[in-house]
Amino acid sequence: MTKEVVYLCKNTSGTDGACEDALENKAIPASLVTINDNGEAICPGTTVDGEPCGAVLEEVIQPKKVPWMIIVASSVVVLVITVAMWLFLFRGDALLRVDQTSFILSPGQSTKVEVFNDGEVNLQLDNVEFSSDKFSTEITDDNSAIAPGESGYVRVKFSENAQDSIKGSMTIHSNSAGEPVSIEIIGNAKPWRVAEKLNSTSTILVKEKG
């Protein structure tokens, strides 16, 4: 909204007497003044002697009001951004730890791998990647986020239709600081071959045959 221009009369003395508006320090709106040929604003009031004042007026340069609402809003925005940056930069990290570094599964067998969070913020499990499609798992909402100092489980299953033994790995992806964590995993589809190998190399069995 545009403010109306106002003037002040400074003629507190003179041959025709002091202007009444000057003595009262009265603000004179631009709508009440006339402009002379020189482009000067002329006081419309009278002098103390009752004569037209006719003095040249001085325009009042009004001070700008401080936009407090804008300042407050800007301060709040700056504070929010500062807090957000502080939380992002200095809040700490999640840290995934797994004590079990390898395990063996038979066809159709499943096991739970315990996952610890040694960090300072929630550990978010994203997905588990296997080197073979014979292994599978499912991350649910119940175990996708692990609080600091707590642990959760990732269930791993070896396909019941597996025909061959597989030595591979599972890699857990998360928001943990550092690289994803990998664990050795073995799918033992033909456990009897272990017994056959033991029989063929056993010195005790050889002696018994003799």
* Test item: Asn36 side-chain N/O and Asn38 main-chain N/O as donor-acceptor pair under 3.5 Å -> yes
* Asked: Closest approach of Ala27 and Pro29, non-hydrogen atoms and distance?
  ->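 It is O-CD, 3.6 Å.
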* Nearest 0.5 Å, what's the NZ-CD distance between Lys134 and Glu160? ->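 It comes to 11.0 Å.
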* Asked: Does the side chain of Met170 come within less than 4.5 Å of Ile172's, by heavy atoms?
  -> yes
* Using modelled atom types only, decide if a donor and an acceptor are shared between the side chain of Asn175 and the backbone of Asn122 within a distance under 3.5 Å. =>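 Looks like yes, one N/O pair under 3.5 Å.
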* Is there a side-chain contact between Leu123 and Ser176, using heavy atoms and a 4.5 Å cut-off? -> yes
* Can you tell me if Ser131 uses its side chain to pair, donor with acceptor, with the backbone of Ser169 under 3.5 Å? -> yes
* Identify the heavy atoms of Arg155 and Ser110 that sit nearest to each other, and give their distance. =>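 So the minimum-distance heavy-atom pair works out to NH1-OG, 3.2 Å.
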* Asked: Hey, what do you get for NZ (Lys167) to OG (Ser102), rounding to the nearest 0.5 Å?
  ->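 Reported to 0.5 Å precision, the distance equals 9.0 Å.
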* Pairwise side-chain contact, Phe130 with Thr137, heavy-atom cut-off 4.5 Å (strictly under) -> yes
* Could you pull out all residues at least two apart from Cys43 that satisfy disulfide (SG to SG under 2.5 Å)? => none
* Side-chain heavy atoms of Glu59 within contact of Val5, under 4.5 Å ->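 Yes - at least one pair of side-chain heavy atoms lies under 4.5 Å apart.
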* Pro180 side chain reached by His173 side chain, heavy atoms, under 4.5 Å ->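 They are in side-chain contact.
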* Quick one: closest heavy-atom pair of Ile186 and Phe135, and the distance? => C-CZ, 4.2 Å
* Asked: Between Ile35 and Ile42, is any pair of side-chain heavy atoms under 4.5 Å apart?
  -> no
* What are the two closest heavy atoms between Cys53 and Thr47, and how far apart are they? ->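 Distance-wise, the nearest heavy atoms are CA-CG2, 3.9 Å.
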* Asked: Is there a path from Leu95 to Val154 through hydrophobic residues (I, L, V, M, F, W, Y) whose side chains come within less than 4.5 Å of each other?
  ->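 No, Leu95 does not connect to Val154 through the hydrophobic network.
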* side-chain contact (heavy atoms from CB on, under 4.5 Å) between Asp21 and Tyr7, worked out -> CA-CA 10 Å; Asp21 291 335; Tyr7 297 89; over 6 Å; no
* Taking every non-hydrogen atom, the tightest pair across Val56 and Glu40 ->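 What the structure gives for the nearest pair is CG2-OE1, 3.8 Å.
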* Over all heavy atoms of both residues, which pair between Cys9 and Ala55 is shortest? Give the atoms and the distance, please. => SG-CB, 3.8 Å
* Do the side chains of Ile104 and Val113 join up, straight or via other hydrophobic residues, at under 4.5 Å, putting them in one cluster? ->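 Looking at the clustering, Val113 is in a separate group from Ile104.
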* To do: Report the C-alpha separation of Phe158 and Ile166 in whole Å, then their side-chain angles, then the decisive distance to 0.1 Å, and conclude whether the side-chain contact (heavy atoms from CB on, under 4.5 Å) test is met.
  => CA-CA 10 Å; Phe158 184 41; Ile166 299 173; 4.3 Å; yes
* Is the closest side-chain heavy-atom distance between Leu96 and Leu125 below 4.5 Å? ->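 They are in contact (side-chain heavy atoms under 4.5 Å apart), so the answer is yes.
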* Asked: Rounded to the nearest 0.5 Å, what separation is found between the CD1 atom of Ile28 and the CD atom of Glu58?
  -> 11.0 Å
* Asked: Can you find a side-chain donor-acceptor pair between Thr171 and Glu129 that sits under 3.5 Å?
  ->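 No, Glu129 and Thr171 have no side-chain donor paired with an acceptor closer than 3.5 Å.
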* **Full working for side-chain contact (heavy atoms from CB on, under 4.5 Å) between Asn117 and Glu150** => CA-CA 6 Å; Asn117 181 11; Glu150 301 293 332; 5.9 Å; no
* Between Asn188 and Ser165, is any side-chain donor less than 3.5 angstrom from a side-chain acceptor? ->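 Their side chains do contain a donor-acceptor pair, which is all the 3.5 Å distance test asks for.
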* To do: Measure from the side-chain N and O atoms of Glu20 to the backbone N and O of Ala18, and report whether any donor-acceptor pair falls under 3.5 Å.
  => no
